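Notes follow the structure.
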Amino acid sequence: PDSQGNYSLADLACVNGAVENLEGYIAGSCNLAAISQSAYAKATKRKGHGWTPAFSVTVNFSDYSRAYLRYTESLRYPSMFESTLAFSAGFSQYELKPEHGYNWELGYVHDLSQFLSGDRQADIKLAYYVNKTRDVIERDNNFKFDNIEKQTIKGIELSGRYDNGRFFTDLGLNYTLDNEVCDESSAALLNASNGLANYYAGYVVPNCVKYGFPNGYLLTMATPDLSANWSLGGRFLDRRLELGGRLTYYDRYKNSDLDFYRAHTVRPFQSGWLYAYNIPYSWGETLVVDAYAKYRWRDNLNTELTVTNLTNQYYVDVATRSAMAAPGRTIKLSVNYRF
């Protein structure tokens, strides 16, 4: 590794030509073995600081429409879990850097109330975003935390709402165009640790993959490519009674890179690219229905009945790390009194 603990495929002796001219060398027979080193972990006090600039520009086309461009940065320092030695957190001799996010958002907002009569309200918003995070904190299959190069998430959001006092609805859609994780060191380690037969056969882990590398835990934090929620409701009895419902949808887990790793893993738990502890629980296409009824007895007293997962669907939550299914049909009654 270099001074920061990173590896490069160009330094992989078995494939960079360094051993091809050795006497007695048989092509494709090169094997690699890791050099391990023991070190004592010592608790140290750490602190950090940094600038996180932000700016935005808005253009008002009229009293009802506008466009905006927003740029923000963010810093996330290592958590206690990521900074300490424990059962599922290993020691690294390289100090973790904070994650640095660079976020762009371009959007258009239009107020549709000009086309409606009375006190009706309606608007729509369309936004395109790019979130790039450098020095992403990742954990490998030895439970060791390190920084990897970057993660880039791009997507489109569409939201709209309508309310005429009697009936109301709102809709939200999010489509992820790209969720890419890049790190040359992670790719080099995977290519070196899974035998050179894969390399010579053309099965090479690239520097950039979808969601995350199979030996890290970013892979288990994927989000659906498509998700949506739609709420619909009405107010009755002089607006004392409110009835409503919500549909929540997300697309099934899809990762062609993970399918490739699975297809080229010879002996699970022993060799191949897949790391047993970080194989994500995949979810299927899911539609969840919720409903509620709220009644206002007095200005300071109201009652609400809520039913989640109305159809009692058996499903798994997105990005779950447990084999336990999400809750079935759940009924909750609450009373709120202000005094």
Side-chain angles (χ1 to χ4, degrees), residues 79 81 88 112 116 118-125 127 153 155-176 179 211 217 219-255 277-339:
S79 66
F81 170 60
S88 55
L112 302 174
L116 306 173
D119 60 350
R120 300 179 180 182
Q121 299 177 346
D123 54 44
I124 189 170
K125 173 185 173 183
I153 301 175
I156 299 175
E157 287 184 343
L158 174 66
S159 60
R161 56 184 178 179
Y162 171 80
D163 192 339
N164 67 0
R166 182 67 180 273
F167 296 102
F168 58 90
T169 184
D170 65 78
L171 175 68
L173 296 170
N174 181 81
Y175 184 72
T176 302
N179 186 345
Y211 295 153
Y217 77 160
L219 186 65
T220 68
M221 300 179 184
T223 55
D225 290 340
L226 175 64
S227 59
N229 60 82
W230 178 36
S231 299
L232 179 66
R235 306 178 183 95
F236 310 94
L237 303 178
D238 196 24
R239 299 193 178 186
R240 288 184 174 273
L241 175 64
E242 181 176 310
L243 302 176
R246 179 180 61 190
L247 299 177
T248 303
Y249 169 84
Y250 47 84
D251 199 6
R252 67 179 181 86
Y253 183 96
K254 292 177 290 188
N255 187 345
Y277 289 106
N278 277 356
I279 298 177
Y281 294 110
S282 301
W283 60 84
E285 187 178 52
T286 304
L287 179 65
V288 181
V289 183
D290 304 325
Y292 73 92
K294 182 190 297 183
Y295 188 79
R296 177 169 54 86
W297 301 91
R298 297 196 298 269
D299 289 342
N300 63 343
L301 177 64
N302 62 69
T303 305
E304 182 173 3
L305 178 66
T306 304
V307 183
T308 56
N309 194 3
L310 183 65
T311 59
N312 201 32
Q313 182 173 346
Y314 183 87
Y315 72 102
V316 175
D317 282 319
V318 173
T320 183
R321 291 302 297 142
S322 169
M324 182 179 295
R329 184 185 299 114
T330 305
I331 302 174
K332 182 176 69 174
L333 177 65
S334 62
V335 177
N336 187 289
Y337 178 74
R338 298 191 305 272
F339 55 91

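These numbers come from a predicted model, not from an experiment. FYI, side chains are in, hydrogens and waters are out, and symmetry mates aren't considered; it's all heavy atoms of this structure.
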More than 12 heavy atoms of other residues, nucleotides or ligands under 6.0 Å from CZ of Arg246: is that the case? no

NZ of Lys125 to CD of Glu157: how many Å apart, nearest 0.5 Å? 6.5 Å

Quick one: CZ on Arg298 to CZ on Arg338, what's the gap to the nearest 0.5 Å? 11.0 Å

Nearest 0.5 Å, please: how far is OH in Tyr250 from CG in Asn174? 14.5 Å

So does Tyr175 have more than 12 non-hydrogen atoms from other groups sitting under 6.0 Å from OH? no

With rounding to the nearest 0.5 Å, note down the distance linking CH2 in Trp297 to CG in Asn302. 11.0 Å

About how many Å separate CD1 of Ile331 and CG of Leu305, when rounded to the nearest 0.5 Å? 7.0 Å

Ignoring hydrogens and geometry, is there a side-chain-to-backbone donor-acceptor pair from Asn312 to Gly328 under 3.5 Å? no

Measuring from atom OH of Tyr162 to atom CZ of Arg120, what distance do you get when rounded to the nearest 0.5 angstrom? 4.0 Å

Hey, are the side chains of Gln313 and Thr286 touching, using non-hydrogen atoms and a 4.5 Å cut-off? yes

Does the side chain of Phe236 come within less than 4.5 Å of Glu242's, by heavy atoms? no

Test item: Arg235 side-chain N/O and Gly165 main-chain N/O as donor-acceptor pair under 3.5 Å: yes

Restricting to side chain to side chain donor-acceptor pair (under 3.5 Å), what partner residues turn up for Ser79, sequence neighbours left out? Glu82

Should we say atom CG of Asn300 is surrounded by more than 12 heavy atoms from elsewhere, each under 6.0 Å from it? yes

